[in-house]
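In this text, all values refer to a predicted model and were calculated from it rather than measured experimentally.
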Amino acid sequence: MEVALGQTYQNPFVLDQEWEDYGIGDPYILRFNGKYYLYCSTKDRRVGVKAWSSDDLVKWRYEGLVTEEPVSEGAYAPEVVYWNGAFYMYTSPAGKGHYVLQSDKPTGPFVKKTDNLGFTIDGSVFIDDDEKWYFTHAKFGGIMISSMPNPFTIDAGKQLNASLGHWTEGSMIIKRNGRYFITYTGNHVFSKGYRVNYGVNHESPVAAYTIPENNPILISTANDFNGLGHSATVMGPNLDAYYIVYHNLIGRSAEGPPVRKMNLDRLVFNGDKMSVLGPTHGTPQEATEMPEFRDEPGAAPSADKWEKISSTEGGETLLSRIGTGSDYTVEYNFRVGEQDDAPNLLETLFAYTDSENYWATRINGASMELALIKRVNGSEAVVSTKKLPQGTDLTKLHTIRVETGMSGTMIYWDGLLKIEYSSEVAKAGSIGYLWPQETKPGLHYTAFSNEFNGSSDRKVVKPLPGTMEAVHGIQEGHPGIVSGITPDGSDAVSLSGNGEGLRYPVHIRQDGSYLLAVNVSKASAGSTVLVETNGASKKIKLDSSFFTADSEWTKIPLGVFEMRQGTQWLSLRHLKGEITLRYVEVNLTVPVPEQSVVKPNQVGLVNRFGGEWGWADYTVSFEMTMKKATSDEAGILLRTTNESEFKDQVKDAFMGYELAFHNGKVNLSRVSYENAVEKASGSLAFEPGQTRKVTVKLEGPTIAVFSDASKEPLLRWTDPNAFLNGRIGLRGVSSDWEISPLTVTR
């Protein structure tokens with residue numbers, strides 16, 4: 001079966017009526033009643049907030065200015081929350097504190113409801129399952145979070161450990177599978193190294209977050225695509241996928257700052273791990289599929305989609321003419337009738353086979369309760385009952401989402417998880433509504449998708465270069481899913497049977513040579529895997545010398561493969577041994593010259609770089625002279641990527657390794673912007689005026705450093721999560737040190 005892209009889009013987006021000479025900055029997308037509403041920052045010294053709408057996240061319609069309140073002049077990072085019939089906009093005009101504006105429609109007009117509430121910039125609201133509200137905003141050194149007694153009041157807060165080591169902004173919290181995920185951006189909006197990190201915890205929005213090793217999840221410092229940040233997260237049209245929307249920088253506006261462009265990429269989840277399929281730029285990407293069934297029944301449901309049944313007891317039943325698969329997600333949007341004498345009852349139906357056998361959620365307006373109901377052979381059982389949120393007005397539009405699959409059935413009310421039932425999974429069947437004749441509900445967007453709990457993450461075409469989780473591969477044979485053994489809380493896949501494997505539908509950005517690597521368990525050492533791509537196959541033994549005793553998991557290079565631009569399959573199959581796999585990484589490479597003398601070009605006051613980002617394994621040789629006794633440090637940079645130079649960001653603005661010479665020591669550090677950690681050290685003494693030759697060999701995940709003619713390394717380290725390609729450079733070269741040009745060989 002060939003890989004084919006369905007509906008596509010391409011980053012960056014170009015929208016009708018973008019702010020002239022500014023573009024789309026700080027994008028935020030609200031999903032409401034099956035549609036999407038995009039809001040963005042307002043150009044300085046202009047009044048009003050612009051909005052666009054979409055049915056599919058791809059085609060956008062300009063909706064005009066949704067507010068023209070005077071306080072919207074230079075409105076920064078507007079975000080809109082819907083709750084119980086009202087839309088609340090939070091924005092910081094020109095960065096001078098926050099205001100709350102309110103409307104009864106997502107397209108406004110939004111009217112100012114508060115005075116200035118303060119709290120710097122980039123306010124974002126999160127509502128937890130217990131109906132408590134929280135407000136996060138930007139801060140030097142870490143995101144701040146506050147509780148909210150109501151939509152118009154923000155309490156004093158506390159600082160979270162969500163930090164990029166400097167100014168940190170653009171935060172957002174979502175909750176998925178009992179986990180709180182926070183995304184945040186920094187350091188400076190005009191820096192090439194503007195990027196997005198995330199953290200995760202299982203306790204509460206205000207608890208300490210674990211910062212996983214795959215950060216940052218969005219970064220690019222390429223000349224034509226950089227400054228990626230200020231993101232927001234939204235569920236896709238198929239009710240299962242998630243997307244991250246963000247802006248990039250390009251050129252300069254007439255007023256000086258860069259212009260901002262909107263981008264959208266797929267977010268995928270694996271346990272505690274969140275990652276982006278991207279960032280993508282300038283190539284077609286697959287948009288999420290629409291639900292298998294979707295409609296807005298209204299007062300006169302179309303006969304080709306719905307069957308309407310009147311019961312002998314005076315009730316009404318509305319059923320979809322097509323049924324779900326075995327695992328699925330359903331969404332119902334509705335209003336319950338306004339009649340004083342009506343019973344205010346409404347049931348949303350699923351797993352419906354006949355009037356005697358179905359599941360339902362029942363809204364009881366008298367008791368203000370939500371119940372999960374099972375009806376089997378005409379006998380009704382109430383599985384669970386929960387109170388509706390305090391103050392719920394059933395005459396306003398509300399949403400019920402039902403997710404049912406292998407792990408059970410979950411019921412969400414207005415995005416909040418209210419009922420979990422793990423004892424039984426609902427069967428396939430029709431969806432619909434049931435109500436007493438007097439209720440007369442308003443039925444709005446209703447849909448189901450045969451996807452559940454991220455199942456569509458396996459099917460989506462993955463963009464390469466990039467990283468793909470093992471659990472997001474399409475399984476061949478019967479691989480095992482292994483939980484609770486990885487350091488980042490993700491699940492792994494065990495391949496042990498003959499022919500067991502994983503297939504990935506992929507889209508290759510450009511023709512080229514690609515380095516494939518896999519992150520595998522220590523027990524996988526010596527096993528053999530078959531890699532198939534681009535019509536060619538290669539048997540590869542997982543090199544035991546690359547595994548380290550200090551880590552249970554290591555990223556192992558499999559070799560370089562030629563790939564052509566376009567869609568294809570990439571497969572890994574088990575041949576021998578036992579392979580436990582976390583993820584697959586694919587990076588574009590360029591060959592290292594047989595010998596090249598590199599005089600790194602100065603790109604900033606601190607870092608100097610040379611060579612190519614695509615260099616993989618190589619040897620670097622150079623001479624170092626300490627001209628006089630000094631405590632100053634000199635550094636060589638290895639396998640660096642995503643370098644940035646901007647005064648208002650962290651000092652070490654790159655990803656890669658630093659070899660530092662200082663006071664008779666050689667220290668090897670792993671650097672990923674604000675996270676610089678010394679990993680290995682050795683001794684190398686210099687006398688004033690002494691010159692020493694240093695050779696560094698980088699092979700796969702291992703770095704070895706030699707001095708003079710010694711055959712024994714003065715330090716050797718294997719990075720279990722290695723940077724496998726990148727440039728070379730110098731850092732912090734003092735006038736007391738002299739370093740020769742760097743000679744690079746394969």
Side-chain angles (χ1 to χ4, degrees), residues 592 595-611 615 617-645 650-699 701-719 722-723 725-745:
V592 178
Q595 180 170 315
S596 178
V597 176
V598 176
K599 299 178 180 179
N601 298 317
Q602 173 116 18
V603 298
L605 300 177
V606 176
N607 303 317
R608 306 176 181 189
F609 302 97
W615 283 359
D617 291 353
Y618 50 83
T619 298
V620 184
S621 300
F622 52 92
E623 291 185 343
M624 294 195 66
T625 303
M626 188 175 72
K627 295 191 289 185
K628 65 179 183 179
T630 182
S631 60
D632 288 348
E633 181 178 280
I636 301 296
L637 304 180
L638 306 161
R639 283 185 178 162
T640 66
T641 58
N642 289 312
E643 308 96 351
S644 177
E645 183 269 318
V650 293
K651 178 180 179 182
D652 294 311
F654 65 90
M655 301 170 72
Y657 302 101
E658 180 192 8
L659 192 65
F661 299 83
H662 176 70
N663 286 343
K665 288 282 189 179
V666 182
N667 300 318
L668 178 63
S669 296
R670 188 182 192 278
V671 180
S672 181
Y673 276 74
E674 72 278 5
N675 294 313
V677 181
E678 184 180 313
K679 294 294 186 179
S681 64
S683 298
L684 186 63
F686 282 83
E687 297 294 332
Q690 183 180 12
T691 298
R692 308 197 72 157
K693 182 178 181 180
V694 179
T695 301
V696 185
K697 294 184 178 180
L698 300 100
E699 183 180 8
T702 300
I703 300 173
V705 181
F706 301 83
S707 65
D708 302 316
S710 174
K711 294 184 179 180
E712 289 296 318
L714 58 94
L715 71 82
R716 180 194 299 271
W717 180 59
T718 298
D719 184 353
F723 299 113
N725 56 276
R727 302 203 286 173
I728 59 175
L730 307 177
R731 178 185 180 276
V733 178
S734 160
S735 60
D736 295 335
W737 291 91
E738 184 176 281
I739 302 178
S740 71
L742 311 178
T743 300
V744 182
T745 57

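In this structure, the separation between OG1 on Thr625 and CZ on Arg692 is 11.5 Å, given to the nearest 0.5 Å. Taking OG from Ser669 and CG from Leu638, the interatomic distance works out to 11.0 Å, rounded to the nearest 0.5 Å. Between the CG atom in Leu730 and the CZ atom in Arg608 there is a gap of 6.5 Å [rounded to 0.5 Å]. The OH atom of Tyr618 sits 15.0 Å away from the NZ atom of Lys697 when rounded to the nearest 0.5 Å. Taking CD of Glu633 as the start and NZ of Lys665 as the end, the distance is 13.5 Å to the nearest 0.5 Å. Residue Phe654 holds its CZ atom at 11.5 Å from CZ of Arg727, rounded to the nearest 0.5 Å.
In this structure the side chain of Asp617 reaches within 4.5 angstrom of the side chain of Arg639, judged on heavy atoms. Between Tyr673 and Met655 the shortest side-chain heavy-atom distance falls below 4.5 Å. Proximity of Asn725 to Trp615: side-chain heavy atoms (C-beta onward) are nowhere separated by under 4.5 Å. Counting heavy atoms from C-beta outward, Thr640 and Val671 have side chains that stay 4.5 Å or more apart. Looking at Thr691 and Glu738, their side chains never come closer than 4.5 Å, going by heavy atoms from C-beta outward. Annotation: side chain of Ile636 is not in contact with side chain of Val694 (no heavy-atom distance under 4.5 Å). Using a 4.5 Å heavy-atom cutoff, the side chains of Val705 and Leu684 are not in contact.
Annotation for Gly610 and Val598: closest pair CA-CG1, 3.9 Å, computed over non-hydrogen atoms. Counting all heavy atoms, side chain and backbone alike, Thr641 lies closest to Gly726 at CG2-CA, 3.9 Å. Between Val620 and Phe622, the shortest heavy-atom distance links the atoms CG1-CD2, 4.0 Å. The two residues Asp652 and Ala676 make their nearest non-hydrogen contact at OD2-CB, 4.4 Å. Heavy atoms only, all atoms of each residue included: Pro713 and Phe706 are closest at N-CE2, 3.5 Å. Heavy atoms only, all atoms of each residue included: Gly729 and Leu742 are closest at O-CD1, 4.3 Å.
Dense packing is recorded around NZ of Lys627, with more than 12 heavy atoms of other residues, nucleotides or ligands lying under 6.0 Å away. Around CZ of Arg716, the count of heavy atoms belonging to other residues, nucleotides or ligands within 6.0 Å does not exceed 12.
A donor-acceptor pair under 3.5 Å links the side-chain atoms of Trp737 to the main chain of Asp632, judged by distance alone. A donor-acceptor pair under 3.5 Å is formed between the side chain of His662 and the backbone N or O of Ser631.
Asp719 has a carboxylate O that lies under 4.0 Å from a charged side-chain N of Arg670, or vice versa, which qualifies the two as a salt bridge.
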